[in-house]
Amino acid sequence: MANYVTGLFNFFDDGESNTSSKIVLVTGGAGFIGSNFIRFLLKKYPDYKIINFDKLTYAGNLNNLVTIEENPHYVFVRGDVANVKDVKNVFEEFNPHFVVHFAAESHVDRSILNPDIFLQTNILGTQNLLNHAREHQIEKFVQISTDEVYGSIGKGESCHEESPLCPNNPYAASKASADFLIRVAHQTYGQRVNIVRSCNNYGTYQFPEKLIPVMIYNSLINEELPVYGDGRNIREWIHVEDNCRAIDLVLHNGRSGEIYNVGTGEEWENVKLAEFLLKQFPESKSHIQFVLDRQGHDFRYSVKTDKIKKELGWKPQIDFKEGIEQTILWYKSHLDWIEQINSGEYMQYFKETYESRLTESN
Ligand code: NAD
Ligand code: TYD
């Protein structure tokens, strides 16, 4: 894959030199959480320099970053975490202090249809990054993991960081495998690492294949809201900005080798959440439609968050209903964003906007 680079011209050439400034390699920064995290970092740490390293799969969208693409402290590099040459090049070129690793195949339904790419990106890609992080002796590697690695649990239960890993679908298994590789990097090679395991995120720029954006978009266009099975499965929800705050605290203050769960206790049965979302669109002609269940559908996830609260002083700040209201307003005013994705126009956007500024880095 060609390693397209944009923004490089200004990146090392802004005349600033500040010892507290860090170079952060963010993988998967063109996706949902990664793009929110890059905006968060640039705002909170104006001295930091951010490399967004992303393959631009169907889920990667540079439209997610239009508000910061001119920032001289931001650079985009197109590359595959599972490709040795791509990763070697980006480490050699930018010599990052930190890696925050979001890049992944992230959708459970797709993993059931085609597990192979999940193993390649989520497992081999993570090991590839770890190899180069070790070689370059970086200061911290943060693995963005998920509550799904603990597997399905019953009502009243909650997983802590040392609970056994018990994944039930190819996506969750690939993420659990990656978590073990992170553990090995620390135990065997002494690499400075953390793992963050969060519950389901929602918020701006989430790809319309996950539950909340599917329900919002379908309500807007008067389509049915597809609820899997009997709709009684339960998920715990966090606003993406609260998760970004947690990841930032773990990156800077997390004890090396430690895992931190991130959750809110905001649990919803899927059907109740679909009903609640539909109510936010009184004009909508949509209805809830129960559809064939997901194979191996996990009933419930829930994480204990005492550790991050006690050690790092984190707590969620965004009330769920307010967060949803804000998210709906964002989708309403960004219908073109979804429509471009649906029509594949955003790839065209990428070409048109960047082709003239593209530099082959290898
Ligand atoms: P996303 O699917 O929106 O984005 C993934 C990004 O990774 C995309 O930009 C894609 O182009 C990029 N990517 C995929 N394969 C790549 C590869 N081989 N090389 C380089 N880039 C590649 O995902 P998301 O929802 O933002 O999730 C980000 C991370 O957070 C994932 O690791 C996921 O497992 C984890 N996570 C997500 C949630 C959630 O609710 N979305 C919850 C917990 C954990
Ligand atoms: P999803 O957003 O895919 O996240 P995950 O499976 O990683 O938790 O799904 C959240 C829940 O919503 C899950 O129980 C499956 C269910 N679901 C539906 O009922 N309908 C849908 O259209 C989607 C995408 C998910």
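Counting starts at 1 for both ligands and their atoms, following the listed order. Keep in mind that this is a model prediction, so the values were computed, not measured.
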Legend entry - Shortest protein heavy-atom distance from atom 7 (O) of ligand 2, along with the residue and atom involved: Glu148 OE2, 2.4 Å
Legend entry - Test item: side-chain donor near acceptor, Trp268 and Glu266, under 3.5 Å: yes
Inset, instruction - Name the option, out of Ile212, Asn200, Asp298, that contains the heavy atom nearest to atom 4 (O) of ligand 2. - result: Asn200
Legend entry - Donor-acceptor side-chain pairing of Lys315 and Thr305 below 3.5 angstrom: no
Legend entry - Within the 4.0 Å heavy-atom sphere of ligand 1, strictly under, residues: Gly28, Ala30, Gly31, Phe32, Ile33, Asp54, Lys55, Leu56, Thr57, Ala59, Gly60, Gly79, Asp80, Val81, Phe102, Ala103, Ala104, Ser106, Thr121, Ile144, Ser145, Thr146, Tyr171, Lys175, Ser198, Cys199, Asn200, Asn201, Lys210
Inset, instruction - Tell me which protein heavy atom sits closest to atom 25 (C) of ligand 2, plus the residue, atom name and distance to 0.1 Å. - result: Tyr228 CE1, 3.6 Å
Inset, instruction - Identify, for atom 8 (O) of ligand 2, the protein heavy atom at the shortest distance, and state residue, atom and that distance. - result: Arg235 NE, 2.7 Å
Legend entry - Residue pair Tyr74 / Asn52, side-chain donor-acceptor N/O under 3.5 Å: yes
Legend entry - Protein residue, atom and distance nearest to atom 24 (C) of ligand 2, heavy-atom basis: Glu209 O, 3.2 Å
Inset, instruction - May I ask you to check whether Tyr301 and Asn233 show a side-chain donor-acceptor distance below 3.5 Å? - result: no
Legend entry - Under 4.0 Å to a heavy atom of Val108 - the qualifying atoms of ligand 2, by number: 6 (O), 7 (O)
Legend entry - Exercise: do Tyr58 and Glu209 side chains pair donor with acceptor under 3.5 Å: yes
Inset, instruction - Report yes or no: do Ser219 and Ser284 form a side-chain donor-acceptor pair below 3.5 Å? - result: no
Legend entry - Presence of salt bridge, Lys55 and Asp80, under 4.0 angstrom: yes
Inset, instruction - Report, in ascending order of atom number, the atoms of ligand 2 lying under 4.0 Å from any heavy atom of His107. - result: 3 (O)
Legend entry - Protein heavy atom at shortest distance from atom 2 (O) of ligand 2: Leu211 N, 2.8 Å
Legend entry - Closest approach of any protein heavy atom to atom 6 (O) of ligand 2, naming residue and atom: Arg294 NH1, 2.5 Å
Legend entry - Under 3.5 Å side-chain donor-acceptor pair for Asn61 and Tyr205: no
Legend entry - Distance flag, aromatic centroids of Phe98 and His252, threshold under 6.0 Å: yes
Legend entry - NZ/NE/NH1/NH2 to OD/OE distance under 4.0 Å, Arg255 and Glu311: yes
Inset, instruction - Among all protein heavy atoms, pick the one closest to atom 20 (N) of ligand 2 and tell me residue, atom and distance. - result: Pro226 O, 2.8 Å
Legend entry - Shortest heavy-atom approach to atom 16 (C) of ligand 2 - which of Val214, Val227, Asn270, Asp293: Asn270
Inset, instruction - Do me a favour and list the nearest non-hydrogen protein atom to atom 13 (C) of ligand 2 with residue, atom name and distance? - result: His297 NE2, 3.4 Å
Inset, instruction - Indicate yes or no for a side-chain donor-acceptor contact from Asn261 to the backbone of Lys304 under 3.5 Å, with no hydrogens or angles considered. - result: yes
Legend entry - Pair Ser177-Asn122, side-chain donor/acceptor within less than 3.5 Å: no
